[in-house]
A.B. asks: 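One structure, pasted below without further comment.
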2 protein chains.
Amino acid sequence: MEPITIKDIAKALNISTSTVSRALRGSYEINTETKKLVMEYAEKMNYRPNPIALSLKENRSRAIGVIVPEIANNFFSQAINGIENIAYNRGYHVVIFQSHESYEREMVNVQHLFARKVDGLLISLSGSTRDVNHIENYRENNFPVVYFDRVPEITDAHKVVADNFDGAFRATEYMIQQGKRTIAHITSPPVLSITQERLAGYKAALEKYGLPIREELIKFCYFSPEEAFNAIDSLIKNYQPDAFFTASDRLALNCYEAHKKKIIELPKDVMFFGFTNLNVAHLLEPPLSTIVQPALELGQTAAEILLDIIENKRRGKGYETIKLKTDLHIR
Amino acid sequence: MEPITIKDIAKALNISTSTVSRALRGSYEINTETKKLVMEYAEKMNYRPNPIALSLKENRSRAIGVIVPEIANNFFSQAINGIENIAYNRGYHVVIFQSHESYEREMVNVQHLFARKVDGLLISLSGSTRDVNHIENYRENNFPVVYFDRVPEITDAHKVVADNFDGAFRATEYMIQQGKRTIAHITSPPVLSITQERLAGYKAALEKYGLPIREELIKFCYFSPEEAFNAIDSLIKNYQPDAFFTASDRLALNCYEAHKKKIIELPKDVMFFGFTNLNVAHLLEPPLSTIVQPALELGQTAAEILLDIIENKRRGKGYETIKLKTDLHIR
DNA sequence: ATCGTTCCCGACAACGATTGCATAAAATTT
DNA sequence: AAATTTTATGCAATCGTTGTCGGGAACGAT
């Protein structure tokens, strides 16, 4: 069956479409009798307003867009679940797009979501995004955007992030307290906010304990496994680190993979600490201690702020950057 | 800036909207001069047709819907990547929804996608879906649907699946050839097509080698970890299996988790074989051999069939069930 | 009987784009 | 010069819904 429209109802009951429309939304200026008639018929015929017509008319869609680099990543899929929780409860749908770490894809996604009149956007930037003009353009014209996790450096924006500095600091501190002195840091591209913050936390901990910051122990890796393998290999060959601090799921797994494939020969008693939401961390050997981001809460918080903006419930409140605490799981 | 419309262009150039519309699509009946004028102005003003208006007019959206139980699952996220590949190349967008293994959520998702006029649907059924009337209702009225992975039993439908029987058969056969005689099978709810097929493959292999089919070695588990833990625990206590054949990512991980937590004491030389697309399988201890589904190809194939249906490129071809071969990874 | 209210409802336009039909002007044929 | 065809454009309807405006009927007040 083609979906039934307001026109069909009007024709069937011999009244005008305006009356049907008003009756359905319970307008006070419609006779109670008429209202009942319309409501019952609509119910019987399983009438559903056409959301596309509504979007066209009202210039909105009751949907929010989410752009993440990859959904095949525990952190992001948990964050998405948080977003969906809040959004569904508040009557919004969630449209998910992946940038696949590509700036171009990200641009296209933003444009498409905007053209499709999503009421707002939640975005975690791609690894190759150098600036956010493609987003700020829209935001300048009152398009609501909340950045989360991987956020831009601009100050006048809503952002929700994990406390990356603190997490990295505490992890590094723990490794030092366990007697580690040569702590390698394998991390993501330096352009990302999370990379910078985690790096700063790592350095701050070293400084606090009077350890030297050795740039040669810090390796930035893009998105190919080989790059990570090489980085790890050269670290071990040249500096024999007694601990590895990896900044992402991917890099942690790359380490274990290199180990497993005997690409690298691990020093004894080496310690692994990762900034990761891997759900298999506790199953790995040697143990992987982790700094876990509150992914679900992060998503929820970001969604709540976005919906508040959309529904104008944030009068008075300015821009803010919300930082959520991370959890340390020592293994 | 509010997006520019065809009307704005018409006003600016002092011509009618029809002319603009036709000029933009290069209609032959528009003067070459006028066309150039319009095209250039549209280009300059960065005109983009309003997709919502188009959807309303044309009753379609150039988008396809995808419903999966969970995106936080390697198999599904790979399948989605396959779908996106094909869809984007053919000019379609992909709208992703999760059913979270809930029949109700699945129904709502289907309704919403249909109301939003997606041009077709790719779906892998939720674990609590007992029938597919909520989908077939729409399909009867020519709404294109392709089922993948977890498919219904109905025959007149397009389906794309992995060869679950064959994969399970080969895995079980391998375990038998390695001398295993008490092979436990921990699997998903019996209502799922994949459960049935994998079970059948398992049984067929046992039969081929003259081993008894012991129903007490077969455990169906729903979606709580405790259930799996208990199942594993009681299997070990009562029957000391020398091999475990798990039917999903989740169940394989549950096994390792139970092992790690010392909830279970593993028999020596026990073998693990899992139907899974986990990207960490090779990192686990004891080794997890796997039957890997061609998730990406599965998504691609399903998307191709769906788009062919949408674009009427399947004249003559009837319903078919496409089975893709699985890969055995022995570890 | 006239006026002002109140109640209930319908006509019309609008959102942005497409398209069948009509038509004016120009070009061509007779 | 008249008739016909071609070329180029505009008008109006359409998709489904809502908001603005206006108006008829019924009622009470004057």
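Values reported hereafter were calculated over all heavy atoms of this structure, with side chains retained and with hydrogens, waters and symmetry mates removed. Computed from a prediction, not measured in an experiment: that's the story for all the values here. Per chain, numbering begins at 1; letters A, B, ... match sequence-line order.
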A.B. asks: So which one's nearest nucleotide on DNA chain C is more toward 5', A/Thr17 or A/Asn31?
C.D. replies: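 Upstream on the strand: A/Asn31.
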
A.B. asks: Is it true that a side-chain atom of A/Lys159 and a backbone atom of A/Tyr319 form a donor plus acceptor pair closer than 3.5 Å?
C.D. replies: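 Between the backbone of A/Tyr319 and the side chain of A/Lys159 there is no qualifying donor-acceptor contact (under 3.5 Å).
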
A.B. asks: On a plain distance test, is the side chain of A/Thr5 in donor-acceptor contact with the base of D/dC15 below 3.5 Å?
C.D. replies: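 Absent.
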
A.B. asks: For D/dT17, take OP1 and OP2 only and decide whether either is under 4.0 Å from a side-chain N or O of A/Asn50.
C.D. replies: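 So the side-chain polar atoms of A/Asn50 never come under 4.0 Å of the phosphate oxygens OP1 or OP2 of D/dT17.
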
A.B. asks: Between B/Arg116 (CZ) and D/dC15 (P), how many Å, whole number?
C.D. replies: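 After rounding, the gap between these two atoms is 20 Å.
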
A.B. asks: Whole angstrom is fine here: how far is it from CD1 in B/Ile30 over to P in C/dT18?
C.D. replies: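 About 13 Å, once rounded to whole Å.
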
A.B. asks: Just call it for B/Arg60: base, sugar-phosphate, or nothing, with non-hydrogen atoms closer than 4.0 Å on any strand.
C.D. replies: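 Nothing, no heavy atom under 4.0 Å.
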
A.B. asks: Provide, to the nearest angstrom, the distance between the CG atom belonging to A/Leu56 and the C1' atom belonging to D/dC15.
C.D. replies: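 Roughly 9 Å, once rounded to whole Å.
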
A.B. asks: Please state how far atom CG in A/Asn59 lies from atom P in C/dC15, giving the value in whole angstrom units.
C.D. replies: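 Distance check: A/Asn59 CG to C/dC15 P gives 10 Å.
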
A.B. asks: Using heavy-atom distances to pick each residue's nearest nucleotide on DNA chain D, tell me which of B/Asn14 and A/Ser18 is more 5'.
C.D. replies: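 Per heavy-atom nearest nucleotide, the more 5' residue is B/Asn14.
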
A.B. asks: Quick one: do the A/Glu70 and A/His100 side chains pair a donor with an acceptor below 3.5 Å?
C.D. replies: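 Per modelled atom types, A/Glu70 and A/His100 side chains form a pair under 3.5 Å.
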
A.B. asks: By the 4.0 Å heavy-atom rule, please label B/Ile15 as base, sugar-phosphate, or nothing.
C.D. replies: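 Sugar-phosphate: the residue B/Ile15, judged by heavy atoms under 4.0 Å, touches backbone atoms but no base.
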
A.B. asks: Quiz question: going by heavy-atom distance under 3.5 Å, is there a donor-acceptor pair between the base of D/dG10 and the side chain of B/Arg22?
C.D. replies: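 Side chain to base: pair present.
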
A.B. asks: So, OP1 or OP2 of C/dC15: does either fall under 4.0 Å of a side-chain N or O from A/Lys117?
C.D. replies: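 Answer is no, no contact under 4.0 Å.
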
A.B. asks: Phosphate oxygens OP1/OP2 of D/dG10: is one of them under 4.0 Å from a side-chain N or O of B/Thr19?
C.D. replies: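 Answer yes for this pair, as a side-chain N or O of B/Thr19 is under 4.0 Å from OP1 or OP2.
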
A.B. asks: Rounded to the nearest angstrom, tell me the gap between atom OH in A/Tyr28 and atom C1' in D/dG19.
C.D. replies: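 The answer, rounded to whole Å, is 12 Å.
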
A.B. asks: Report the distance from atom CD of A/Glu58 to atom C1' of C/dA14, rounded to the nearest whole Å.
C.D. replies: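 Atom CD in A/Glu58 sits about 13 Å away from atom C1' in C/dA14.
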
A.B. asks: C/dT23 P sits how many Å from B/Glu29 CD, rounded?
C.D. replies: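 Result: 16 Å.
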
A.B. asks: Without decimals, in angstroms, what is the distance between A/Arg25 CZ and D/dT17 C1'?
C.D. replies: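 It works out to 9 Å between those atoms.
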
A.B. asks: Between A/Ala302 and A/Phe148, which heavy-atom pair has the shortest distance, and what is it?
C.D. replies: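 Of all heavy-atom pairs spanning A/Ala302 and A/Phe148, the closest is CB-CB, 4.2 Å.
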
A.B. asks: Less than 4.0 angstrom between a side-chain N/O of A/Thr34 and OP1 or OP2 of C/dC9, yes or no?
C.D. replies: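 So the side-chain polar atoms of A/Thr34 do come within 4.0 Å of the phosphate oxygens OP1 or OP2 of C/dC9, strictly under.
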
A.B. asks: Which heavy-atom pair separates A/Ala303 from A/Leu122 by the least distance, and what is that distance?
C.D. replies: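 So the two residues come closest at CA-CD1, 4.0 Å.
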
A.B. asks: For B/Asn89 and B/Ile86, indicate whether the former's side chain and the latter's backbone hold a donor-acceptor pair under 3.5 Å.
C.D. replies: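 No: the side chain of B/Asn89 does not pair with the backbone of B/Ile86.
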
A.B. asks: Counting only side-chain N and O atoms of B/Lys7, is one of them less than 4.0 Å from OP1 or OP2 of C/dC15?
C.D. replies: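 Checking B/Lys7 against C/dC15: at least one side-chain N or O falls below 4.0 Å of OP1 or OP2.
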
A.B. asks: So, is B/Ser21 close to the C/dA17 phosphate, meaning a side-chain N or O under 4.0 Å from OP1 or OP2?
C.D. replies: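 The answer is no; no side-chain N or O of B/Ser21 sits under 4.0 Å from OP1 or OP2.
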
